[in-house]
Structure formats: C-alpha cells, structure tokens
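To start, the structure under review is shown below, and the notes come after it.
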Amino acid sequence: MGFKDWQQWGKRPDESERHNIHRLSGELPDMECTNQLVKIISEIHKPGMKILDVGCNVGHYLKGIRKQFPNLDYVGVDAYEKYIDIAKNNFENDTHASFTVKDIFKPIFPNQPYDIVFCCNVIQHLPDFRIPITNLLQSTKKCCIVRTFLADYTHIVKSTMSDTFDDEGNPLDFWYLNTWNKKYFSEFINQLGWNVEFIKDEFNPKQIQKEFETIKNTDSDVSTRIVNGMQIVEDMLENWLWAKITPK
C-alpha cells in the first residue's frame, strides 16, 4: 500500500507504535491525556453505553480506560492494519472490546452511531480537520471528545522527517503538527448542528519531563518535553485543548 507524504504511521509503523507498546507492557506509564480522558468519560458514561475510539493505534487508551471501566463496551479503529493487529493480540481475552481498520477520512459507522466517540492526538497530524470531524460526528449519538492543538490562530506546520524536497521546496517526507483557530473549529462544528465545550488540558509536568528524560537518548520518535511549564514537541508549543461536542 502506498502512503501519502504525511502518513508517517504507515511509512514508519515501528517508530510510531513504540511508545504505545511500552505503555501496554507497563514499561511506560499511561499518558497524562489518558488520565484526563477517563475523567471526562466518567462524567458522561452510563451503564450500557458503547464507546468508539478513532485513531486507537495499539489500544493504549483502552488500557487506561479498563482501570475504571472493566466491562465497558469498546470498539477501536485505526487506519493502519499493523496497529489493529497488535491491539487484537493484546486484548484477545477482552470480551468487551474489538478492533477494526477504518479511515477517518471515510465514513466510520454512520448507520451505527456510538454513544461516546473519542479521538485523541490525531487531528493535529492530518492535513485538514473538516472531513474527519464530520465523520466523527456522523458516528456519534451523545458526545464526541476530541483532543488536538487549538488556539487563537491557525498554523499549518510540516515537520520534516528527512531532507527530501521537490523542486519548489515542498517536503516529501513529513508529519503535520497543525494548530487550528478554535473559533473557526467551533463555528464549523456549530454549522453541523453540534455544540462545543472547550476543556483545558490537564497534565503533570514532572511526569511528562520524566518520560522525556527516559527516552530522549534512544532512537525512538520525538517526544514531549516541558519548558517553563509548557509542553513542547521539537521546537513547537503544543496548544492542547479538549473539545467536548454534543448535539444542539
């Protein structure tokens, strides 16, 4: 299968999965955002609700969710088959979980919407959010939870993975680190018939920095560090924000 220039998870699956596999094994702790995700879900979830995780990678969010919700009905989807295979293997004994390959740029489950849908740390790596958000909401009954870079401005950032460029200087091997104007983001969602509540990102800076110090000298992919209390990836500020999206 051919992958687009920005699809590093398809082109370099081993690098992109490494941290998350270490989370499954316990070599690394759950991400700070997993802890907040569980908190947000806890405020919404009622018995019998079904949850959809879009961009599940190897299932590392489910590991954190299971600590609070051992029997919650969960489906994880990801565009990359390798990650789905790993998730299936790691959760093969979990009778309340399943995984399947789905592309966020195509309809996900429009005829079988889930009570709660979440999509964490995905949108900022995509060339645009409009089709993905539309597909997420078409698969949502009650609440869609999105974590991505949102601020008072839009920055389209291509961070190069190698020094390969076309004749016009466009990178041929990169990943997106896009920040979207939250007003533009929310207005688009409002036009689809949904409300947006923004929630501040919560994290323990000491834990994030400790993890950065643990892996910074490995050949692993780029990780987040703390500078003056703020999260930084490479040399860019991570403007993390949660969007809690509900029907009007």
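Positions are given from 1 along the sequence.
- Residues Phe99 and Val101 share a hydrophobic cluster, clusters being chains of Ile/Leu/Val/Met/Phe/Trp/Tyr side chains in contact below 4.5 Å.
- Closest heavy-atom contact between Gly10 and Phe3: O-CE1, 3.4 Å.
- Arg225 contributes a side-chain N or O that, together with a main-chain N or O of Glu234, makes up a donor-acceptor pair within less than 3.5 Å.
- Paired with Ile116 under the rule side-chain contact (heavy atoms from CB on, under 4.5 Å), one option of Ile145, Ile40, Leu72 passes, and it is Ile145.
- Distance check, rounded to the nearest 0.5 Å: CD1 of Ile21 to CD of Glu27 gives 9.5 Å.
- For Lys244, the NZ atom sits in a packed shell: over 12 heavy atoms of surrounding residues, nucleotides or ligands are nearer than 6.0 Å.
- Summarising the local packing, CD of Gln68 is surrounded by more than 12 heavy atoms from other residues, nucleotides or ligands at distances under 6.0 Å.
- Contact between Asn121 and Cys33 at its shortest, heavy atoms only, is ND2-SG, 3.6 Å.
- Taking both residues in full, the closest heavy atoms of Gly64 and Asp30 are given as CA-OD2, 3.6 Å, listed atom of the first, atom of the second, then distance.
- Between Pro127 and Phe105, the shortest heavy-atom contact is CD-CZ, 3.9 Å.
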Open item on the list: Please evaluate residues Leu172 and Ser162 with respect to the criterion side-chain contact (heavy atoms from CB on, under 4.5 Å), reporting the C-alpha separation (whole Å), side-chain torsions for both, the decisive distance (0.1 Å), and the verdict.
Closed with: CA-CA 8 Å; Leu172 299 177; Ser162 64; over 6 Å; no

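- Under the 4.5 Å side-chain criterion, counting only non-hydrogen atoms from C-beta, Tyr61 is in contact with Cys120.
- Within the structure, the ring-ring contact (aromatic ring centres under 6.0 Å, His included) test picks out the following pairs touching residues 226-248 (sequence neighbours left out): Phe149-Trp240.
- Sparse packing is recorded around NZ of Lys50, with 12 or fewer heavy atoms of other residues, nucleotides or ligands lying under 6.0 Å away.
- When atom types are taken as modelled, the side chain of Gln124 and the backbone of Thr148 share no donor-acceptor pair closer than 3.5 angstrom.
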Open item on the list: Assess the residue pair Tyr114 and Asp73 against the criterion (side-chain contact (heavy atoms from CB on, under 4.5 Å)); give the C-alpha distance rounded to whole Å, side-chain angles, the decisive distance to 0.1 Å, and a yes or no.
Closed with: CA-CA 10 Å; Tyr114 285 72; Asp73 288 322; over 6 Å; no

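- Note: the hydrophobic cluster containing Ile226 does not contain Met230 (ILVMFWY, side chain heavy atoms under 4.5 Å, direct or indirect links).
- The shortest distance between side-chain heavy atoms of Gln36 and Arg147 does not fall below 4.5 Å.
- Residues passing the side-chain hydrogen bond (donor to acceptor under 3.5 Å, both in side chains) test with Gln209, sequence neighbours excluded: Glu213.
- Residues Thr140 and Pro113 form no side-chain contact, since every pair of their non-hydrogen atoms from C-beta on lies 4.5 Å or further apart.
- With a 4.5 Å cut-off on side-chain heavy atoms, Tyr184 and Arg130 count as touching.
- Val146 is not connected to Met31 by any chain of hydrophobic side-chain contacts under 4.5 Å among Ile, Leu, Val, Met, Phe, Trp and Tyr, and they are in different clusters.
- Using a 30° and 60° split on the angle between ring planes, Trp180 and Phe129 fall in the perpendicular class, above 60°.
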TODO: Go through Val157 and Thr179 one step at a time and tell me if the side-chain contact (heavy atoms from CB on, under 4.5 Å) criterion holds.
DONE: CA-CA 8 Å; Val157 176; Thr179 301; over 6 Å; no

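- Closest approach of Ser139 and Pro110 over heavy atoms only: OG-N, 3.8 Å.
- The number of heavy-atom neighbours closer than 6.0 Å to CG of Leu192, taken from other residues, nucleotides and ligands shown, is above 12.
- Counting non-hydrogen atoms of other residues, nucleotides and ligands closer than 6.0 Å to NZ of Lys106 gives a total of 12 or fewer.
- Looking at heavy atoms from C-beta onward, Asn57 lies out of side-chain contact with His19 at the 4.5 angstrom threshold.
- In terms of modelled atom types and a separation under 3.5 Å, the side chain of Tyr83 and the main chain of Pro13 share a donor-acceptor contact.
- Counting heavy atoms from C-beta on, the side chains of Val58 and Asn90 never come closer than 4.5 Å.
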- [ ] Might you work through the side-chain contact (heavy atoms from CB on, under 4.5 Å) test for Glu32 and Ile208, ending with a clear yes or no?
- [x] CA-CA 8 Å; Glu32 289 294 293; Ile208 290 176; 3.8 Å; yes

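- Put simply, the side chain of Gln112 never gets that close to the backbone of Phe109: no donor and acceptor are under 3.5 Å apart.
- Here CG of Leu62 is found 12.0 Å from CZ of Phe69. Values are rounded to the nearest 0.5 Å.
- In terms of hydrophobic clustering, with Ile, Leu, Val, Met, Phe, Trp and Tyr side chains grouped at heavy-atom distances under 4.5 Å, Phe118 and Val38 are assigned to a common cluster.
- Under a cut-off of 6.0 angstrom, the local environment of CG in Asp235 is sparse, with at most 12 non-hydrogen atoms contributed by other residues, nucleotides or ligands.
- The shortest heavy-atom contact between Ile104 and Val122 is CD1-CG1, 4.5 Å.
- Separation of atoms CD1 (Ile189) and NZ (Lys248) is listed at 11.0 Å; rounding is to 0.5 Å.
- A heavy-atom distance below 4.5 Å is not found between the side chains of Ile44 and Lys142.
- Grouping the Ile, Leu, Val, Met, Phe, Trp and Tyr side chains by contacts below 4.5 angstrom, directly or via other members, places Ile84 with Tyr80.
- Interatomic distance, Leu241 CG to Asp201 CG, rounded to the nearest 0.5 Å: 7.5 Å.
- Classification of the Trp175-His125 ring pair by plane angle, with boundaries at 30° and 60°, yields parallel.
- Rounded to the nearest 0.5 angstrom, Asn195 CG and Cys143 SG are separated by 11.0 Å.
- Asp5 places no side-chain N or O within donor-acceptor distance of the main-chain N or O of Asp173, the cut-off being under 3.5 Å.
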Open item on the list: Pair Ser223, Glu211 - check side-chain hydrogen bond (donor to acceptor under 3.5 Å, both in side chains), show working.
Closed with: CA-CA 9 Å; Ser223 60; Glu211 182 172 316; over 6 Å; no

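- We find the CH2-CD1 distance between Trp194 and Ile133 to be 11.0 Å, quoted to the nearest 0.5 Å.
- Sorted by first and then second residue, the salt bridge (charged side-chain N to carboxylate O under 4.0 Å, His left out) pairs involving residues 83-104 (not counting sequence neighbours) are Arg66-Asp94.
- Taking the side chain as every heavy atom from C-beta outward, Asn181 and Tyr153 never approach each other to under 4.5 Å.
- Residues Lys183 and Glu187 are paired through a salt bridge, judged by an N-O separation under 4.0 Å between the basic side chain and the carboxylate.
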